[in-house]
Enquirer: 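Sending over a structure as C-alpha cells; questions will come in a sec.
Counting starts at 1 for both ligands and their atoms, following the listed order. As the structure is a prediction and not an experimental result, all values here were calculated from the model.
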Amino acid sequence: MEDPRRLIPRTDALLADPRFAVARERLGHDRVKAVVTAAQRRARAGEIAPQEVAQTALAALPRGTTGLRPVLNATGVILHTNLGRAPLSAAAREALQLAAGATDVELDLATGARGRRGRLALAALAGAVPVAESVHVVNNNAAALVLAATALAAGREIVISRGELIEIGDGFRLPELLVSTGARLREVGTTNRTTPDDYRRVIGPETGFVLKVHPSNYRIEGFTSGASVAALAALCMERKVPLVGDIGSGLLRPEPMLPDEPDAASWLGLGADLVTASGDKLLGGPQCGLLLGRADLVERLRRHPLARALRVDKLTMAALEATLNDTDTPVSRALGVGAAQLRQRAEHIAGRLREAGVGAGVVTSEAVVGGGGAPEVTLPSVAVALEAGLSVALRHGTPPVLGRVTDGRCLLDLRTLPAEDDETLIDAVRGAAACG
Ligand SMILES: *Cc1c(COP(=O)(O)O)cnc(C)c1O
C-alpha cells in the first residue's frame, strides 16, 4: 500500500496557494512557512490526514489585526448587503493600497500648489458621463440626497410621488431622511398612480425641487402609471425648478443585462438636472454617493458647509477612480458571465468533490442582483448542490463559504463566485465535509 505520507502537499505548492500567498503578504514568508511545516509535521506523525494539511495550516495562521474574514460568496446574490455590497476589482484594491500611504491627493506636484482633493476620481467620473456638466462625490447615496435636500430645499418643499416613498433597508426611510434636513415633503399622486398633472398642481414658489426616485427594491404591478423623467423634465423646465433623480443603482450607462434599470447618462439626457446614485451597487466600486448634473447646482452643493461633513476619504476616491478607469469589476463579471461557462465550472467542481468522496451534483439556479436593485430580474445561473447539512460547516470553514439552502440542499451558486476562487472553494468544501 502507498505510504499516505506521500500525499502530504509539498511546502512550495502550499506557499504558492493564493490563500497562503495573501497571508505571506500580511505576515511575511517565514512566519507562514513555519505554520505550514508544522502542519506537515502533524500529518507525518499521523495526527491529521494529508488532505487536512492546508486547512490546518490556514486555521493556525495568526489572525491579522482585523477580525474581518474574507468569505466566498456563493449565495447567488451579486450585491450582498451583509457581505459589503460590491467586492472591489483588483485595480481598485491596488489603488487602495497606494492611497493608504502619503500621496499627492491634495497636491499638484507640477506646481507645488494645493490641488483639489479627488480631482482624478472626479475627472474619471465626468469622463464616464460626458452629458453631466459637473460631478461631486460624497459618503453614500443617502448623503447625496441629504446634501441636495439641505442645499436646495431646506425650509421649502420637495415634491415627490407617493409611489416613491421608499425604505432603503435596515429601517432607513427616504422620506424621513429628507425631512431630517428641514425640507418638507409635498407628496403627490397615489401609491400606484401619479401623473405629470399631479406635480403640475403643486409646483410653486415653495418648491425646492422635484424628486424622482427609482423604486429600486420593489415593484408595483397592475393598474399603475408614473410620470416619466422626460415629462417631469419638461414641466420642471417650464416652472424653473430643478428635477433631481435618485437612480439608486449607480449604473452610469445602460446595461444590456438589466434593461429596466435606470442609468445616470440616460436620466440626464432626458432632462434631469441632478442625478444621485450609490458607488457600491451596480457600478461595482467603493461605498460613496455620486452627484452628477448641472454645474450651478453641483457647485451649490459642493460649497455648502454640510459638504465637508459628507466628504469621502482619500481611499474611497482612489478606489472609485480605479473602478471608473478599469470597468472590469467582480460585479460586471458576475452580470456578464454566460450560463454555459458556469455549468462547465460547476461540473468540474462537482467532479473534483466526488473524487474526494463528497456528494455533489450540478443544478440550474437563479441569481439576483441584490443590494436593493433590480428586484424583478433573475439571472440564469448554475450551482453545485451539496447536502444541506454542510452549510453550517461551510460557514464556519476557512475561508467561510456562504451558499443558500433550498429544497433540502445547500446550493453554491457560481455566478457570484469569481472563477479564480474555484480551487479555494473545492478545498473549503472538502475541509467542511471532513469536519461534518
Ligand atoms: C440604495 C439606495 C439608496 C441608498 O444608497 P446608499 O448608498 O446605501 O446610501 C437610496 N436610494 C435608492 C433608490 C437606492 O436604491
Enquirer: Salt-bridged, Arg352 to Glu423, with N to O below 4.0 Å?
Expert: yes
Enquirer: Below 4.0 angstrom from a heavy atom of His214, which ligand 1 atoms are there? Numbered from 1 as shown, please.
Expert: 13 (C)
Enquirer: Just which atoms of ligand 1 are under 4.0 Å from any heavy atom in Gly248?
Expert: 12 (C), 13 (C), 14 (C), 15 (O)
Enquirer: Determine, using heavy atoms of Arg85 and all atoms of ligand 1, whether some pair is separated by less than 4.0 Å.
Expert: yes
Enquirer: If the threshold is 4.0 Å, N to carboxylate O, is there a salt bridge linking Glu106 and Arg114?
Expert: yes
Enquirer: Is it true that Thr195 and Asp198 share a donor-acceptor pair across their side chains at a distance under 3.5 Å?
Expert: yes
Enquirer: Quick one: which ligand 1 atoms are inside 4.0 Å of a heavy atom on Lys281?
Expert: 1 (C), 2 (C), 3 (C), 14 (C), 15 (O)
Enquirer: Are any of the side-chain nitrogens in Asp413 or Arg415 under 4.0 Å away from the carboxylate oxygens of its partner?
Expert: no
Enquirer: Below 4.0 angstrom from a heavy atom of Asp246, which ligand 1 atoms are there? Numbered from 1 as shown, please.
Expert: 10 (C), 11 (N), 12 (C), 13 (C)
Enquirer: So between Ile168, Thr81, Asp280, Thr276, whose heavy atom ends up nearest atom 4 (C) of ligand 1?
Expert: Ile168
Enquirer: Does a side-chain N-to-carboxylate-O contact under 4.0 Å join Arg184 and Glu206?
Expert: yes
Enquirer: Below a 4.0 angstrom heavy-atom separation, can you tell me which part of Gln287, side chain or backbone, both or neither, approaches ligand 1?
Expert: neither
Enquirer: Judged by modelled atom types alone, do Ser266 and Asp263 share a side-chain donor-acceptor pair under 3.5 Å?
Expert: yes
Enquirer: So between Ile166, Asn141, Leu282, whose heavy atom ends up nearest atom 3 (C) of ligand 1?
Expert: Asn141
